[in-house]
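The basis for the numbers below is simple: all heavy atoms, side chains too, and nothing from hydrogens, waters or symmetry mates.
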Amino acid sequence: MPELPEVETVSKDLSEHLIGETISDIGIIDARNLRGISPANFVQQIRGTKISNIYRKGKTIIWNLTNNLSIIIHLRMTGKFILTNNNAELTKHDMIVFKTKKWDITFNDVRKFATINLTSTNAIEDLNYFKNIGIDPTKSEFTFDNFKYMLKKGAKKSLKAFLLEQDKIVGIGNIYASEILFDSKINPERLGYSLSKNEEIELFSSIKKIILQAIMMRGTTFSDYRDGFNKKGEFQNQLKVYNKLNENCIICKDTINKIKQNGRSTYYCQTCQK
DNA sequence: ACAATATCCTGCGAGC
DNA sequence: TGCTCGCAGGATATTG
């Protein structure tokens, strides 16, 4: 579910309240999110340590701990962190509860695709997900030259597929890919090498614009996504094509199309997007 | 080497 | 009402 803006929102909610907190206990209800570590070992290594930093890297959330270990969480489709005051009541699909003096931090995951790794802080870059991580559209590394370099690497693919590739540009998922292509007026089936100079500039600008707008609106709640306090985002009210099959394009009033690309839905306006 | 497909899991809405 | 089917925002392993 969550793409860059949603992960950024959750990560900020957590960092605002949890940095400096000591993890006094961990309750594991269901261990299926844990990767490469037993539940007992996970609990033993974390209990009693302090959270020194929390930040986003790509679509993951990283908790640095004071014992030189870090927890790396990828929410995938339905992972959620919910902060509550102590003694949160357990609900369906709660997987892990981290406890501090002030907070219960409940990790809930309906579909159980989320991943949680524990690794040495100085070995974070070695995790597979980070080895070939692409450029981040919210950071200074997202320059037009770097964008063009990545576009060249994905030149033979449809632009929709290109936008989803985390080793090129990190953070875009299925919702924002459709919205970005609509904003840049480019047909999702066009191939990377087919863009004119102006279209390259349009696409580059739209990526930045849509992602930053969505962060400002605290993400998109299509169904499951919630921020760190179980509240919905606001960007779903700004969506122009995603999940709007047969509705009218806000620009030209033609009906919105839906197609399948690499097994995933793409929404677009065939009149506006050439 | 590359690109398309299957897969993990649960819930929901559509259609019968 | 209740069943089955298809679909869902992600990434990776497997297949071709």
Side-chain angles (χ1 to χ4, degrees), chain A residues 1-11 29-36 56-61 72-81 91-96 107-117 126-134 150 152-182 188-189 191-193 210-211 213-215 217-227 232-246 258-268:
Chain A
M1 66 188 273
E3 309 180 33
L4 188 156
E6 291 75 32
V7 180
E8 176 83 9
T9 302
V10 173
S11 179
I29 301 112
D30 186 325
R32 276 181 281 178
N33 300 116
L34 295 180
R35 290 292 178 278
R56 176 187 66 79
K57 183 175 174 68
K59 287 184 195 167
T60 72
I61 299 167
I72 291 101
I73 305 105
H74 195 307
L75 303 175
R76 296 284 186 104
M77 302 284 243
T78 52
K80 278 188 276 192
F81 275 112
T91 58
K92 207 171 180 185
H93 309 303
D94 283 350
M95 310 296 280
I96 299 179
F107 185 71
N108 179 289
D109 186 15
V110 172
R111 288 171 73 179
K112 295 153 186 56
F113 294 167
T115 61
I116 299 179
N117 285 270
D126 296 336
L127 286 179
N128 276 340
Y129 182 79
F130 296 134
K131 274 192 181 151
N132 298 306
I133 195 168
M150 291 303 182
K152 205 169 180 181
K153 291 215 286 183
K156 283 192 270 186
K157 301 183 182 206
S158 72
L159 286 163
K160 166 67 185 320
F162 165 72
L163 288 177
L164 293 181
E165 295 198 333
Q166 304 300 303
D167 61 341
K168 310 292 190 312
I169 298 164
V170 73
I172 300 169
N174 212 37
I175 293 178
Y176 296 115
S178 282
E179 294 296 318
I180 286 165
L181 287 164
F182 177 78
E189 296 190 286
L191 303 184
Y193 63 71
I210 297 291
I211 294 295
Q213 277 180 359
I215 291 172
M217 318 244 355
R218 299 181 59 79
T220 299
T221 298
F222 179 59
S223 58
D224 294 278
Y225 166 72
R226 298 293 186 278
D227 69 13
K232 296 181 178 188
E234 297 293 334
F235 196 78
Q236 63 276 11
N237 305 317
Q238 308 294 318
L239 296 177
K240 301 197 168 69
V241 288
Y242 184 82
N243 203 36
K244 296 191 181 293
L245 176 64
N246 293 332
K258 177 185 180 180
I259 55 172
K260 280 263 174 197
Q261 292 180 281
N262 298 21
R264 321 202 72 113
S265 299
T266 305
Y267 297 85
Y268 72 107

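- Residue-level contact check: A:Tyr242 touches the backbone only, with heavy atoms under 4.0 Å from sugar-phosphate atoms and none from bases.
- When every heavy atom of A:Lys131 is checked against every heavy atom of A:Asp126, the shortest pair comes out as CE-O, 3.2 Å.
- Within the 4.5 Å cutoff, the side chain of A:Tyr267 has heavy atoms near those of the A:Leu245 side chain.
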(message) What does the 5'-to-3' dot-bracket notation of DNA chain C look like when only Watson-Crick and G-U wobble pairs under 3.5 Å count, and pairs to other strands show as |?
(response) .|||||||.|||||||

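- The shortest side-chain heavy-atom distance between A:Ile116 and A:Phe107 falls under the 4.5 Å cut-off.
- Separating the P atom of C:dC3 from that of B:dC9 is a span of 23 Å, rounded to the nearest Å.
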(message) Applying salt bridge (charged side-chain N to carboxylate O under 4.0 Å, His left out) to A:Lys153 and A:Glu165, what does each step give before you reach the verdict?
(response) CA-CA 11 Å; A:Lys153 291 215 286 183; A:Glu165 295 198 333; over 6 Å; no

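- Protein atom CD1 of A:Ile175 is 17 Å distant from nucleotide atom P of C:dC7, rounded to whole Å.
- Ring-to-base geometry does not place A:Phe113 in a stacked arrangement with C:dA11 (centre distance under 5.5 Å, plane angle under 30° required).
- On the nucleic acid side, DNA chain B has its first and last nucleotide under 4.0 Å of a heavy atom of chain A at B:dA3 to B:dG11, going 5' to 3'.
- Remark: the A:Asn174 side chain and the A:Lys160 side chain contain an N/O donor-acceptor pair separated by less than 3.5 Å.
- Atom NZ of A:Lys57 sits in a crowded spot, with more than 12 heavy atoms from other residues, nucleotides or ligands closer than 6.0 Å.
- C:dA11 atom C1' lies 9 Å from atom NZ of A:Lys59, rounded to whole Å.
- One finds no side-chain N or O of A:Lys258 lying less than 4.0 angstrom from the OP1 or OP2 phosphate oxygen of C:dC7.
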(request) Kindly determine whether A:Leu75 and A:Lys80 satisfy side chain to side chain contact (heavy atoms under 4.5 Å, CB included), including the steps that lead there. (result) CA-CA 7 Å; A:Leu75 303 175; A:Lys80 278 188 276 192; over 6 Å; no

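- Position along DNA chain B of the nearest nucleotide to A:Arg111 versus A:Lys157 favours A:Lys157 as the more 5'-ward residue.
- With rounding to whole Å, A:Asn243 atom CG is found 10 Å from C:dA8 atom C1'.
- Going from atom OH of A:Tyr129 over to atom P of C:dG10 covers 10 Å, rounded to whole Å.
- Using a 4.0 Å heavy-atom criterion, one finds that A:Lys153 contacts no nucleic acid atom at all.
- Counting any heavy atom pair closer than 4.0 Å across all strands shown, A:Gly173 reaches sugar-phosphate atoms only and no base atom.
- Counting to the nearest Å, the C1' atom of C:dA8 and the NZ atom of A:Lys112 are 15 Å from each other.
- Between A:Gln166 and C:dG10, a side-chain N or O to OP1/OP2 separation shorter than 4.0 Å is absent.
- Across all strands, A:Thr115 comes closer than 4.0 Å to no nucleic acid atom at all (heavy-atom distances).
- Spacing between atom CG of A:Asn262 and atom P of C:dG10 amounts to 13 Å, rounded to whole angstrom units.
- Using modelled atom types, no side-chain atom of A:Thr60 and backbone atom of A:His74 make a donor-acceptor pair closer than 3.5 Å.
- Distance CZ (A:Arg264) to C1' (C:dG10): 6 Å, rounded to an integer number of Å.
- To the nearest angstrom, P of C:dA11 lies 15 Å from CD1 of A:Ile73.
- Judged by distance alone, the side chains of A:Glu6 and A:Tyr176 do bring a donor and an acceptor atom under 3.5 Å apart.
- Between A:Gln236 and A:Phe222 there is no side-chain heavy-atom pair separated by less than 4.5 Å.
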